[in-house]
Amino acid sequence: MSTVRVRFAPSPTGYLHIGGARTALFNYLFARRQQGTFILRIEDTDTVRSTQQSVDEILKAMKWLGLSWDEGPYYQSERFSLYKDKVQQLLREGKAYRCYCTPEELEQKRERAMAEGRKPKYDGTCRECGKASEGTPFVVRFRSPDSGATTFSDLIKGPISVQNDELDDIIIQRSDGTPTYNFVVVVDDVEMGITHVIRGDDHVNNTPRQILMYQALGAPLPAFAHVPMILGADKTRLSKRHGATSVMSYEEMGFLPEALVNYLVRLGWSHGDQEIFSMGELIEKFSLENVGRSAGVFNPEKLLWLNSHYIKSGDPARLATLLQKQLERMGLGVADPEKLPAVVRLFQERDKTLEEMAKNAAFLVRKAPEFDGTAVEKFLTEANRGLLETLIGALEKCEPFTHEAVEKCVEKIMAETGLKMGKVAQPIRVAITGGTVSPSVFEILPLLGREETLERLRNALALLK
RNA sequence: GUCCCCAUCGUCUAGCCCGGCCUAGGACACCGGCCUUUCACGCCGGCGACGGGGGUUCAAAUCCCCCUGGGGACGCCA
């Protein structure tokens, strides 16, 4: 058993998004590969914006993706007394101090600094001011050194160095007494014995000041690994305007979790030319060394391709359950779910998502097809009345009602009438499915059954124009 | 603006650390063909990249520097 301990620490201010999911995945994979411990920690120190609903949604998404955790979820909101103690400790040791500046004053200074082209950092007004009057609201700031440099070697990015005078004295405790992110993340990572901090690129800038806090707390440093960002097609940070970003919305759109996992892992990580990975394979092969350093663009097309791959190779029985869920989402109840695996076999080669499959297979579940006007006009014509009538007569006697038998039956009609397959199949397809696109008619008819088939053909007779 | 990071086909990437095997490989998308009862699938083929400039070297996608471009961070958010 290795001593590796990693954590995924989302803040419950919304659903789990694509970027967070990939960070979680990398943590999970690293932990499993190293036979370490994967911890889930909910960063809800912002009591105003955090909600239980978000927590539930995040956990649901993690489970759907198959990212099981070994410890937690721990809630930072339940650990406030620990943070308070640590703040007191730093205060006592002079490593932190009270600041009485008001938010308004700070905002003004920030704007002025920006306008003058300086880096907007806290100016240290309260650094040496000592005790102020009781009752005045204050925040606690961490005292960071104003000379020297802080350097660390990122497992993904390599050496990173920042001059300490670039760092200002950040707030570690708000005026309402609650602690802030940059502080609790360090306290908890220390307390929980985190050995590797694997997180998004956007935290690189926080790392030096966090390192300073590890030192102030007298704690050993973990290793850091900063995973590059995921961008939208316009190369800006991925957000809602680039399309769906919530993990669970992909489930709704008919994506398989293994497809999303496979897509996400390949966005930033690679193993030679291999594209397809099962979770087991990933656990076997994942390594931080093979994570790239540059940001990547989220490409829905490739996700779609992977999804179609997993649908093609998926177990029909399992897919049937998921297909049923999609059909129900469309408001279509499934009277005979036992025939769904057969439906899946018919469609899994052709559809890229389960949602698409549900749409294309809906005619099998509906009581009657939904007719497409153009298709009806083109194929359900008076000229085809004879053909349909002959067909009905032949299918009434077709025994057994199987793919082979039905095909033979139709071939016989073709031979007698001299019509080509295209001329025969399309009218049947429209009569049965309502449209011009579907799997082979010889597959569809037996699946629908003789009675239903005949009923639809007879109904079509009434529609002829 | 300041700081940090990044830079191979449209996109994800292999190659870069340990220079020659790279006339730069794979995948998605795209284009063409084949297959075909429709639409797909599948198969075959094609298009397509080392951002620019300086070095170092017999030799640079690979090492160094500058420029440019992109992203991120600058909160009593995380």
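In this text, all values refer to a predicted model and were calculated from it rather than measured experimentally. All chains are named by letter (A, B, ...) in the order of the sequence lines, taking the proteins before the strands, and each is independently numbered beginning at 1.
Pairing for B:rC35 is absent, with no Watson-Crick or G-U wobble pair whose two atom distances lie under 3.5 Å. Base-pair partner of B:rA27: B:rU11 (Watson-Crick or G-U wobble, both distances under 3.5 Å). Applying the Watson-Crick and G-U wobble criteria (two distances, each under 3.5 Å), B:rC63 pairs with B:rG55. If you check B:rC16 for Watson-Crick or wobble pairing at under 3.5 angstrom, you find it has no partner at all. With both pairing distances under 3.5 Å, B:rC41 is matched to nothing as a Watson-Crick or G-U wobble pair. Base pairing annotation: B:rC76 forms no Watson-Crick or G-U wobble pair, as no partner gives both donor-acceptor distances under 3.5 Å.
Atoms NE2 (A:H271) and C1' (B:rC12) sit 17 Å apart, rounded to a whole Å. Between the CH2 atom of A:W269 and the C1' atom of B:rG26 there is a distance of 14 Å, given to the nearest Å. Residue A:Y263 contributes atom OH, which lies 12 Å from atom P of B:rU11 at whole-angstrom precision. Rounded to an integer number of Å, the gap from CD1 of A:I172 to C1' of B:rG75 is 16 Å. If you take OH of A:Y74 and C1' of B:rA78, they are 21 Å apart, rounded to a whole angstrom. Across the protein-nucleic acid pair, A:F152 atom CZ and B:rC3 atom C1' stand 13 Å apart, rounded to whole Å. To the nearest angstrom, P of B:rC76 lies 13 Å from CZ of A:R49. Rounded to an integer number of Å, the gap from A:D165 CG to B:rC3 P is 10 Å.
Spacing between B:rG10 and B:rA49 at atom P, rounded to whole Å, works out to 7 Å. The separation of B:rU57 from B:rG19, taken at their P atoms, amounts to 15 Å, rounded to a whole angstrom. Comparing the C1' positions of B:rA24 and B:rC16 gives a spacing of 12 Å, expressed to the nearest Å. On the P atoms, B:rA14 is 15 Å away from B:rG51, given to the nearest whole Å. B:rC9 and B:rG75 are spaced 41 Å apart, taking the C1' atom of each and rounding to whole Å. Nucleotides B:rG52 and B:rG33 are separated by 35 Å at their P atoms, to the nearest Å. Only the P atoms considered, B:rG15 is 15 Å distant from B:rG26, to the nearest whole Å. Straight-line distance between the P atoms of B:rC17 and B:rC22: roughly 16 Å, to the nearest whole Å.
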Check your understanding: Where along nucleotides 28-43 of chain B does protein come under 4.0 Å, by heavy atom, of base (B) or sugar-phosphate alone (S), with - for untouched nucleotides?
Key -> SS-------BBBBSS-

Practice item. Could you check A:Y28 against A:L65 for side chain to side chain contact (heavy atoms under 4.5 Å, CB included), going step by step and ending with a plain yes or no? Key: CA-CA 11 Å; A:Y28 171 83; A:L65 288 171; over 6 Å; no

**Study point:** Residues A:F30, A:F38; criterion ring pair (Phe, Tyr, Trp, His ring centres under 6.0 Å); working and verdict
**Key:** CA-CA 9 Å; A:F30 183 74; A:F38 179 45; over 10 Å; no

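In the model, A:D234 has a side-chain atom that pairs as donor or acceptor with a side-chain atom of A:H242 under 3.5 Å. Counted by atom type alone, A:R199 and A:T207 present one or more donor-acceptor pairs between their side chains at under 3.5 Å.
Residues passing the ring pair (Phe, Tyr, Trp, His ring centres under 6.0 Å) test with A:Y250, sequence neighbours excluded: A:F255. Under the ring pair (Phe, Tyr, Trp, His ring centres under 6.0 Å) criterion, A:Y310 pairs with no residue, sequence neighbours left out. Every ring pair (Phe, Tyr, Trp, His ring centres under 6.0 Å) that A:F298 has, sequence neighbours left out, goes to A:Y263. Listed by chain and number, the residues in a ring pair (Phe, Tyr, Trp, His ring centres under 6.0 Å) with A:H17 amount to none (sequence neighbours excluded).
Within 4.0 Å of A:G292, counting heavy atoms only, lies no atom of the nucleic acid at all. Across all strands, A:V297 comes closer than 4.0 Å only to sugar-phosphate atoms, never to a base (heavy-atom distances). Among the atoms of the strands shown, none is found under 4.0 Å from any heavy atom of A:S308. Using a 4.0 Å heavy-atom criterion, one finds that A:T13 contacts no nucleic acid atom at all.
Looking at the side chain of A:R293, the nearest of the listed nucleotides B:rA7, B:rC5, B:rA14 is B:rA7. For A:L106, whose side chain is taken as the heavy atoms from C-beta onward, the closest listed nucleotide among B:rC6, B:rA27, B:rC76 is B:rC76.
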Tabulate protein N/O versus nucleotide N/O from nucleotides 70-74 of chain B, keeping only pairs under 3.5 Å, one per line.
unit_1 : atom_1 : unit_2 : atom_2 : d
B:rG72 : OP1    : A:R237 : N      : 3.3
B:rG72 : O3'    : A:R237 : NH1    : 3.3
B:rG72 : N2     : A:N205 : OD1    : 3.3
B:rG72 : N2     : A:N205 : ND2    : 3.4
B:rA73 : OP1    : A:R237 : NH1    : 2.7
B:rA73 : O4'    : A:N205 : ND2    : 3.1
B:rC74 : O2'    : A:P120 : O      : 3.3

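Phosphate proximity of B:rC12 to A:S270: absent, as no side-chain N or O sits under 4.0 Å from OP1 or OP2.
Here the side chain of A:R143 pairs no donor or acceptor atom with the backbone of A:Y97 at under 3.5 angstrom. At distances below 3.5 Å, not a single donor-acceptor pair connects side-chain atoms of A:R429 with backbone N or O atoms of A:I432. For A:N307 (side chain) and A:L256 (main-chain N/O), a donor-acceptor pair under 3.5 Å exists by modelled atom type.
When all heavy atoms are compared, the tightest approach of A:L16 to A:A61 is CD2-CB, 3.6 Å.
More than 90° away from 0 lies the glycosidic angle of B:rC9, which makes this nucleotide anti.
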